[in-house]
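Structure first, then comments.
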Amino acid sequence: MTNDDFRMFLAALLDDDQVSAGEASTIEALLSAAQRAHWQRALLLWRCRPPGEADAWFVAAIWPDRDLKQFCQDLILTLLFGLPFENGGPAPTGSLGERAGRHFRGRFWGLAGGHPPGIPGGYYGHWAYPSER
Amino acid sequence: MLEAQIVIIGGGVAGAVMAASLAEAGYSVLVLEAGAPVRREAALEAWASVAPKTLVSPYRDRENDTYAASTDGTSDYLGNQAFKSTYLRVAGGSTWHFQGSTPRLLPSDFKMRTHFGVGVDWPIDYGTLEEFYSRAERELGVSGDSQEWNDFYGAYRSKDFPMPPIWASYSDREFTRRLGDFEIDGKPVTVRRTPQARNSQPYRNRPPCAGNSTCIPLCPIGAKYDATVHLHRAHDSGAVIVERCVASRLALSQTDVQYVELKRWENGTVRDDRARSTRGIYVLAAHAIESARLLLLSNATDRSGQIGRNLMDHPAGTIVGQAPDPWYTFRGPPVTSGIDEWRDGPFRSSSAAWKISLGNDGYGRFRSPETAVKNWLAEGLIGGGLRKKISDEGARMFRLSWGVEQLPDAANRVTLSENVDALGLRKATLSYSIDDYTRAGIADVRKKGRLLLERGAVGSIEIDSDPNAYSGSGHIMGTCRMAADASSGVVDADCQSFEYEGLFIVGSAVFPTVGTANPTLTVAALALRAAEHIQRRLAVP
């Protein structure tokens, strides 16, 4: 297992090439023993995937396996909202500030043209104008 | 034994405003708060770091939840599923997670029996409270457009709002633009900027709103008012605030309060204590449910039979849909504008008044972003398809939220449960339902809400059709009604108990009827008025 495998796997889950090695390391460090076992199984499949559309591969190769599907969806929710894993994950790690930071960096807000609840929008009244995304 | 000239039970907005007012006037004041103090930074971190983001997630504390429990949507503290609202028992009370909207009641709201033949009349009218509304707006720091609201359904204003309005959101403006000149049943629809206790400019050492979008469950910078503002002011003027201190019984004589029995909890231990007013002034400001509970626990005399009765809320709901363009609603305060036309009218003889708020937070409580994403994942979306879905639909989520008037009903009440809490005190239990008057209002707001969204070119509209489907507004009112005489209420027009000399009850508990205004400003106005009455009374040797 290499960190780059995990980074690319995360990137494919959300078709987002902005997933960094550091972010992948942070999320990987959160995995429970059970989730690490899921990742090992997913990795074997991932390395054998045919070239082509990743979205279709996930649906065909991963979704039929309930545990792997749940694992992947938890990873997506973590990328989008910075949440600790909701299903079978370990207790949240890191300081409260670090965990809050992960939440604030969630991708959902930027995609939706909003911003993460809990940090300022930058200047007073920004909400009165179209999003700057 | 704790002692002061004035003993106040409850450190929410009613108790805190009164404590600051009386302490600044030079009286010694003791505030007894059941819950713990809240540190804003810790609450924000706690909220950001937990997966289930609920109204109370920033305030979870095992010991507070044990000794100063309240309803939070998951506990069975109150044992009633029909009553949907929650409250917070910490220093500062539910203002920590309130939305911040602070409209005034309308003149007709005070005279429902006279004007519409339903409900009851208050023993005071709008004119009696107007100057205190103005004072409350300055105390809390309310932003609003005075011209827009002056004389709205007769609610005249003697003073301007202390701050200009919070800017209407982009989605509000887009929705308003698409409504254009629109009438429903011959009534022109106007989108108004909602008065709110949220700074639009620096105000009394608090910053302007920075658009953190997390007013519910807490403002991270204190731009939104919460009652700790007044707790701090009271403290700075010499008041003593005692937290983790549950009032368990009022020791009552035939005519007055002798002292308050307390359960003080900390670090897993509970000890008994007492508090006494040296001037015989006790103020019960412990929320509509807890105030009634304490009176019942104290076996208070109740000639009117009204203690605990007429529990009310503003049953609420949401109508959502997809905006025609990206309106980017996940920004700014949750509500900056609303539609208030149906807060009054002749229809109130048979159907509840209502108001609508325009949301700036996607689908709001109807469907959180996390839930929306989970639904899309369940549909099989992933990767680029999921990103596109979020980018497209996430930016077009739009909601209207409605709140409907509820009439007093003696059967809706707080009584004592046979079950006890961790302090050995009998819990409150609720009887509650909504009636046909409220159901008619719900049907009307849903019908008109759909028309509004359709006119605004909002598609994929989702409206609950169940006449009994509603949520709570967190506006917990009634249970110790104000009345003209002892036969029909618990307190008089000055919030003084009919039964016990020197006992005052403040807060939304005293509302005889509730109109459609969010209650906080009226709570503060009544507290200021009662504080003035207490000062006059204490000034007499």
Under 4.5 Å from any heavy atom of chain B - which part of A:L80 |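 The answer is the side chain of A:L80.
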
Select one option (side chain, backbone, both, neither) describing which atoms of A:L13 are under 4.5 Å from chain B's heavy atoms.
->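 When you check distances to chain B, atoms from both the backbone and side chain of A:L13 fall under 4.5 Å.
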
Should the ring pair A:Y129 and B:W167 be called parallel, tilted or perpendicular, given that the plane angle runs from 0 to 90° and is split at 30 and 60?
->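 Perpendicular.
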
Think A:R49 forms a cation-pi with A:W46, using NZ or CZ under 6.0 Å from the six-ring centre and within 45 degrees of its axis?
->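 Satisfied, under 6.0 Å and within 45°.
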
Would you call [X] and [Y] a salt bridge, using N to O less than 4.0 angstrom?
{"X": "B:R396", "Y": "B:E393", "answer": "no"}
{"X": "B:R40", "Y": "B:D226", "answer": "yes"}
{"X": "A:R7", "Y": "A:D4", "answer": "yes"}

Picking from A:C72, A:A11, A:P130, A:A12, which has the most non-hydrogen pairs under 4.5 angstrom with chain B?
->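 Most pairs with chain B among the choices: A:P130.
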
Given heavy-atom pairs under 4.5 angstrom as the criterion, report whether the side chain, backbone, both or neither of [X] touches chain A.
{"X": "B:T336", "value": "side chain"}
{"X": "B:I221", "value": "neither"}
{"X": "B:L377", "value": "both"}

Rounded distance (nearest 0.5 Å) linking atom CG of B:D361 with atom OG of B:S401 =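 Answer rounded to 0.5 Å: 7.0 Å.
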
Are the aromatic ring centres of A:W127 and B:Y170 under 6.0 angstrom apart?
->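 Ring-ring flag for A:W127/B:Y170: false, centres at least 6.0 Å apart.
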
Quick check on the interface: out of [options], who has the most heavy-atom pairs with chain A under 4.5 Å?
{"options": "B:C209, B:A168, B:G380", "result": "B:C209"}
{"options": "B:G385, B:C219, B:P333", "result": "B:P333"}
{"options": "B:T214, B:L386, B:I390", "result": "B:I390"}

